[in-house]
Amino acid sequence: MEFLKEIERRRTFGIISHPDAGKTTLTEKLLLYGGAIQEAGAVKSNKIKKGATSDFMEIERQRGISVTTSVLAFNYQNKKINILDTPGHKDFAEDTFRTLTAVDSVIVVIDVAKGVEEQTEKLVEVCRMRKIPIIVFINKLDREGKDVFELLDELETKLSLRVTPLSFPIGMGYSFKGIYNVWEQKTQILESNDKQKIASAIAYESLEDEGLKKVLGDQSITELRESLELVEGIYPAFNKEEYLEGNLQPVFFGSALNNFGVQELLDCFIQIAPAPLPKLTDKRIIKPNESAFSGFVFKIHANMDPKHRDRLAFIKIVSGTFKRNTPYLHVRHKKKLKFSSPNAFFAEKKEVVDESFPGDIVGLHDTGNFKIGDTLTSGEEIQYKGIPSFSPEHFRFINNADPMKSKQLNKGIEQLMDEGVAQLFTLNLNGRKVIGTVGALQFEVIQYRLEQEYTAKCSFESLNVHKACWISTEDEQNESYCDFLKVKQKFLAKDKQGQTVYLADSAFSLQMAQQKYPEIIFHFTSEFD
Ligand code: G4P
């Protein structure tokens, strides 16, 4: 059956890393193997340049690029591969967390010299919590870096991964000669490294090969053999089931810039990485092979043209076939919508498509109907779960700086929040609006976009908040809960869904509140049962 085949051949994943580890370079090389681009340098980097934190034009330029790089799709050995782009900049970490709700697996890129870095730790933790299958790619082997075993140790201790190397480097830096492919049990020796094209390599089937001995020398071969014995002795053997359950993480080594080790990674990836997975809703688990269409919005991208306030909502298809010009139920609004020009993504282009399958991402033009987390179905009233908001790090009051434009300001704030740029909290006491963001950069983005797209002016005022906690209790009539609401009145707000949030002003007051009110549960994400 064609439909089942289409599902089976899809691989939808994300590449995550600390900035500069080589995510963009690896993405580009994967596209090169897929024949989706002919030359390196074709994929524009959408990372915010270092030191550009107050450069609005830079942010705008990024927004322009990131529509086309949001989903990069290509075919490789009859598999349809969808790479979902994740911003590396830490101020956009929430964007990345949301994108991770739409991937079926991830590849983590690590710089051989720097090892595990801060952003990697945070992102991998989210993946581990969700049991997303992870493959690790240790990059920049053409440079001197940490000892291989030390790095593998770091992956275990800092990232709590259970690793199994599926490739092993021969030398490093100046003496980097190639890779032993544990997966296929053969050796690839780097022959020439044209950074723009696919590097040429010679493959040797056996470590006994005379040609290989000539290239590497007896000493290198003995060292390699010893290392491989050590690998076999220390690390668990690869097991696909364990990888798919998120309990075992294969590791590859290479140099994305030199195209080395990338094909091994890709060849193994398409064999082991999962096809689209089932997903949980508030009512039941939906399987990709169900015939009724369903999907959810994980990203909204505002149009670059301020005159036309249309946006592109990115939907991950979970089940069924999505068809053009077919009415689908917008579950939150309880209304049917149809889409005449759904966009599909291919390499760096987007084009109108008639049908898309589970695992695919479609971009729907939207004039303000969607917000992140919305579910679209053939008719069933279900809501996909697993797209929570986390407590922001920075909080400021937002004030209207042009009284004539309060309508525009409110509209602008509402739409930017739907896009997930930041979170809005309304204080219970006086209705003042508080904006919470992951990074300080977002305040500038908000101010700039409100002015450019909504002709509204705003100013921010600092506010001392340590953390936002969503609160719940078994019994809302409970005396202790009522006491909390009274005592903490000044610090209580509603989020955009109307849920009650406690804006704790310090770690100490949060701790005190947790101790004093054991009947109240303080949640650190917006989604709880
Ligand atoms: P990111 O998306 O994870 O932030 O990283 P990106 O691919 O942009 O790579 C960051 C820098 O590391 C780039 O250098 C890139 O060329 C370099 N790089 C990536 N892979 C390798 C590798 O295998 N070996 C070596 N030696 N370098 C690698 P840059 O100077 O910051 O940028 P550019 O001027 O080269 O574009």
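Numbering of residues begins at 1 and proceeds along the displayed sequence. All heavy atoms count here, side chains included; hydrogens, waters and symmetry mates do not. Whatever order the structure lists ligands and atoms in, that order sets their numbers, starting from 1.
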Evaluate A256 for polar contact with ligand 1, using N/O atom pairs at a separation under 3.5 Å. yes
For the residue pair K279 and F296, would you count it as a cation-pi contact if the rule is NZ or CZ under 6.0 angstrom from the ring centre and within 45 degrees of the ring axis? yes
Would N258 count as a contact residue for ligand 1, given that I'm defining contact as a non-hydrogen atom of the residue lying under 4.0 Å from a ligand atom? no
So is S255 polar-close to ligand 1, meaning N/O to N/O under 3.5 Å? yes
Nearest candidate to atom 26 (N) of ligand 1, where distance is taken over non-hydrogen atoms, out of D85, I138, D111, D142: D142
Taking N or O atoms only and a 3.5 Å limit, does L257 qualify as a polar contact for ligand 1? yes
Test: K496 and D418 ion pair at under 4.0 Å: yes
Establish, yes or no, whether the cationic atom of R11 lies under 6.0 Å from the six-membered ring centre of F269 and within 45° of the ring axis. no
Which ligand 1 atoms does S17 reach within 4.0 Å, using its non-hydrogen atoms? 3 (O)
Proximal ligand 1 atoms for D20, defined as those under 4.0 Å from one of its heavy atoms: 1 (P), 3 (O), 4 (O), 5 (O), 10 (C), 12 (O)
Compare N139, T86, T25 and give the one whose heavy atom is closest to atom 15 (C) of ligand 1. T25
Heavy-atom distances under 4.0 Å are what count here, so tell me which part of K140 touches ligand 1: side chain, backbone, both or neither. both
Within 4.0 Å of some non-hydrogen atom of T24, the atoms of ligand 1 are 1 (P), 2 (O), 7 (O), 8 (O)
Atoms of ligand 1 close to P19 [distance to a heavy atom under 4.0 angstrom, numbered from 1]: 4 (O)
G22 to ligand 1: N or O pair under 3.5 Å? yes
Looking at every heavy atom in both Q271 and K240, which two are closest together, and how far apart are they? O-NZ, 3.2 Å
Counting neighbours of CD on Q219 that are heavy atoms of other residues, nucleotides or ligands and sit closer than 6.0 Å, is the number greater than 12? no
Please list, one pair per line, the donor and acceptor atoms closer than 3.5 Å that link side chains of residues 170-182 to other protein atoms, with sequence neighbours excluded.
from, atom 1, to, atom 2, distance (Å)
S175, OG, M172, O, 3.0
N181, OD1, W183, N, 3.0
N181, OD1, E184, N, 3.0

Kindly state each residue pair satisfying salt bridge (charged side-chain N to carboxylate O under 4.0 Å, His left out) with at least one member in residues 218-232, sequence neighbours excluded. E208-R225
Indicate whether any N or O donor in one side chain lies under 3.5 Å from an N or O acceptor in the other, for D111 and N139. no
